[in-house]
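The figures here come from the full heavy-atom set of this structure, side chains too, leaving out hydrogens, waters and symmetry mates. Given the structure is predicted, the values throughout are model-derived calculations rather than measurements. Every chain is numbered from 1 and lettered A, B, ... according to where its sequence line falls, protein lines coming before strand lines.
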Amino acid sequence: MELEKLKPVIEALLCSADSPLTVNHLYDLFTGDLDQPGKDDIRKVLHELVEEYQGKGIEIKQVASGYRLQVNPAYSTWITRLFQQKPPRYSRALLETLALIAYRQPVTRGEIEAIRGVSVSSNIIKTLQEREWVRTLGHKDVPGRPSLYGTTNEFLDYFNLQSLNELPTLSELKDLDQYHPELALNDLILPEEDGVESHDEEENDSETSVGESIEQEDVVS
Amino acid sequence: MELEKLKPVIEALLCSADSPLTVNHLYDLFTGDLDQPGKDDIRKVLHELVEEYQGKGIEIKQVASGYRLQVNPAYSTWITRLFQQKPPRYSRALLETLALIAYRQPVTRGEIEAIRGVSVSSNIIKTLQEREWVRTLGHKDVPGRPSLYGTTNEFLDYFNLQSLNELPTLSELKDLDQYHPELALNDLILPEEDGVESHDEEENDSETSVGESIEQEDVVS
Amino acid sequence: MADLFQDNHTNQSEMPFALVEGEPLTIIPQDLYIPPDALQVFLEAFEGPLDLLLYLIKRQNLDILNIPVATITKQYMEYIHLMEKMQLELAAEYLVMASMLAEIKSRMLLPRPEGADDEDDPRAELIRRLQEYEQYRKAAEDMDALPREEREIFFTQAELPDLETEIPEVEVSINDLLMAFRDVVNRAEQFASHHIERETLSVRERMSIVLSKLKSDDYTEFKEFFNVEEGRMGVVVSFLAILELVKESMIDLVQNEAFAPIYVKARG
């Protein structure tokens, strides 16, 4: 099948499917056709379509379980008006648990609790599993054989991601020795002028601020 | 709002709505926006979109109740394949229940449960009866008067058997087990001309190939 | 308790504890009576002791690496007392943290040996935990900000052309059946293999045939179950089947007088 003939078919298929389609799945759908396209042809058309739709109201996006046609998130304001439905909100406890599973998988409940400093309710684990965002990968070989949790492709799909690599990077941990021990021992209260910076700025800075904070300290000492 | 900025928004709205949208409805969705577009702008954009999508896999069309996104019917062949459901598979529980009814008939549900060690869901019996593979032969004269199940002629026809005597015996199965490793090897050397086989197809192959192997066994023995 | 609310340099983006006419409140005005409910919501917003500590540290724009243990401990204890006063269910973790803070505080008072490195900083473990928790707290926020289905990501909904689809019937091979049977037999040890030898099967099959011929309220003549054309074996199998059915109390044999026809009736 010529690429120009193949393109609208794939377009129609992506639009009709109710879940993302992989190259293999698309390929299978042409089984039996005299001019069955090769997987490379399909890939080529998919890439062309992804490009063609850029900047339009709808886009073709590759997520963990394949390609899908979705509305460009830039226009979600109006779509929300159309549906007049409040999107679900997730509690901090759930999001923190999910983040720990996503970044530290495979991870046990005990490990999550150790980092969060509080117990994780069974409801949260249950909700995450029912949403099919989290699954048991196996059991840790320690007493009690606790479940090891990991995330699923459905999790990545939901958050519009292709792989775990696309998750926002974790902020870096700072070493204690970057601080002057003497200063650290004093109950230092920073001058109030500094207190103006907004919370956000500070958080965004935190990744890079390691260097800066050292400089500050140097100035003080 | 400039037309060029308006177009993707309307595109996004038409594509995500679950029913056709009228010019008035679209107009209302911009209520509150500083640069709310006029109805004429919306009409103009709609006409442009209808033209842009002509001949593509998906089309924007005007129907009686407004504008909507629809899949180009020219490609229904492939869409049909997308929804062509793979033959579902029966659960282990169902197959074991059927096997016990076939080999131990007339048999009650309680007896099946005693052998399987787990309860048999009513759904399984119902499915087997709807398939017309199993029927109630009578009732056992014990407390509760449980139904006695047996297989039907349809069951024999489906499995291509003249009578229940032709059901393979366990001793035949032992022979089969001995030959199975070789057969499994043969399965691997299946010609790959299509190179297509998806995982599913492979699974189907293995099922039928075992069936064939029984015939082979007969020939051999 | 007093200095808790005197904090004037509270961060703007801090979690609001209440909404007043749509405006988020992050600082509790001193001159205002705080309804206990609102305070409760505020206190319940913490995700545990580490979260509360981070809040106290951030509120003063301090760096985690440089926790003024004495001050923070004092403030932490004030919150704990407040929570107890509000009769909030205080998770045990909060109390564990309180004792950890007290311990660190007392160790900080001790003179530190010459050449002590950071390993010996009594706060090291706490700082490590705070940092690690903050890392994931931030990660959770970032994740929450990702465009996601149901909020920013919507799918296209197109009208599909009329399609003719059918659900194919489930396919089962005779081998599936045999395998299933083998599995279940293997599981049930009491079910010896000789039960399903060919002969037995014939009897079992015949039992089914006999039963299916019977209607529960009708009497069927005994001889109807025998077909001479089947030969000796067939007759024997039918006879065994009927005997087996009688034994298993599935049928009754009825004979009114000697040499009268024997009738077979399904039980019950």
Side-chain angles (χ1 to χ4, degrees), chain B residues 15-18 58 68-73 75-76 79-80 83-90 92 95-96 98-100 102-106 115-117 131 135 137-142 145 148 150-151 158-161 163-165 167-173 176 207-208 210-211 213-214, chain C residues 154-188 190-191 193-202 204-216 244-245 248-252 266-268:
Chain B
C15 295
S16 54
D18 45 19
I58 45 181
R68 73 173 179 204
L69 180 75
Q70 59 185 47
V71 175
N72 191 332
Y75 306 110
S76 21
I79 312 298
T80 308
F83 292 105
Q84 200 75 61
Q85 294 187 28
K86 295 215 184 83
R89 299 188 58 169
Y90 283 139
R92 245 180 94 106
L95 286 176
E96 287 185 6
L98 178 61
L100 283 170
Y103 283 90
R104 297 278 296 170
Q105 59 191 300
I115 297 169
R116 289 196 59 232
R131 190 82 199 245
R135 67 189 161 141
L137 301 168
H139 294 272
K140 190 162 184 171
D141 198 18
V142 292
R145 296 182 33 76
L148 284 162
T151 52
Y158 183 88
F159 290 98
N160 208 18
L161 303 169
S163 79
L164 285 171
N165 281 330
L167 272 176
T169 61
L170 277 188
S171 46
E172 276 171 9
L173 183 76
L176 185 69
E207 275 165 34
T208 51
V210 184
S213 65
I214 290 179
Chain C
F154 297 95
F155 303 117
T156 55
Q157 304 199 46
E159 184 74 14
L160 295 179
D162 291 334
L163 304 170
E164 284 169 26
T165 54
E166 52 186 47
I167 304 168
E169 279 203 315
V170 188
E171 284 171 35
V172 178
S173 73
I174 186 92
N175 202 60
D176 291 339
L177 205 59
L178 183 56
M179 293 294 183
F181 188 54
R182 180 193 59 175
D183 289 348
V184 76
V185 165
N186 285 346
R187 281 213 309 278
Q190 74 273 22
F191 196 64
S193 59
H194 67 261
H195 277 239
I196 40 88
E197 286 304 318
R198 211 172 277 267
E199 286 305 311
T200 316
L201 186 63
S202 301
R204 289 249 154 218
E205 179 180 27
R206 194 58 56 100
M207 284 163 74
S208 286
I209 293 169
V210 169
L211 275 181
S212 61
K213 266 194 188 172
L214 291 172
K215 286 179 197 136
S216 56
E244 189 67 23
L245 285 167
E248 292 189 16
S249 311
M250 293 189 218
I251 58 169
D252 284 325
R267 271 257 188 136

> Do the side chains of C/E248 and B/K140 get nearer than 4.5 Å, heavy atoms only?
Replying inline: yes
>> Less than 4.5 Å apart, side chain to side chain, heavy atoms only: is that true for C/I174 and B/N160?
In response: no
> Can you name the nearest heavy-atom pair linking B/S76 to C/P161, along with the distance?
Replying inline: CB-CG, 3.9 Å
> Considering only heavy atoms from C-beta outward, does the side chain of B/L137 approach that of C/V210 to under 4.5 Å?
Replying inline: no
>> Let me confirm one number: the CZ-CD distance from C/R204 to B/Q105, rounded to the nearest 0.5 Å.
In response: 9.0 Å
> For B/S163, is it the side chain, the backbone, both or neither that has a heavy atom under 4.5 Å from a heavy atom of chain C?
Replying inline: both
>> I'd like to check C/L178 versus B/Y103 (side-chain heavy atoms, cut-off strictly below 4.5 Å). Are they in contact?
In response: yes
>> Tell me whether C/Q157 contacts the main-chain N or O of B/A17 through its side chain, where contact means a donor paired with an acceptor under 3.5 Å.
In response: no
>> Quick check for you: to the nearest 0.5 Å, what is the distance between C/E205 atom CD and B/L167 atom CG?
In response: 8.5 Å
> Nearest 0.5 Å, what's the CZ-CG distance between C/F155 and B/D18?
Replying inline: 14.5 Å
> Got a sec, which residues hit ring pair (Phe, Tyr, Trp, His ring centres under 6.0 Å) with B/Y158, two or more places apart in sequence or on another chain?
Replying inline: B/W133
>> I need the B/E96 CD to C/M179 CE distance, nearest 0.5 Å.
In response: 13.0 Å
> What's the spacing between B/L148 CG and C/S212 OG if we round to 0.5 Å?
Replying inline: 11.5 Å
> What's the shortest heavy-atom distance between C/S249 and B/D141, and which atoms?
Replying inline: O-CB, 3.2 Å
>> My understanding is that only residues two or more places apart in sequence, or in another chain, count here; which of them pass salt bridge (Lys or Arg N to Asp or Glu O under 4.0 Å) with B/R135?
In response: none
> Do the side chains of C/L160 and B/F83 get nearer than 4.5 Å, heavy atoms only?
Replying inline: yes
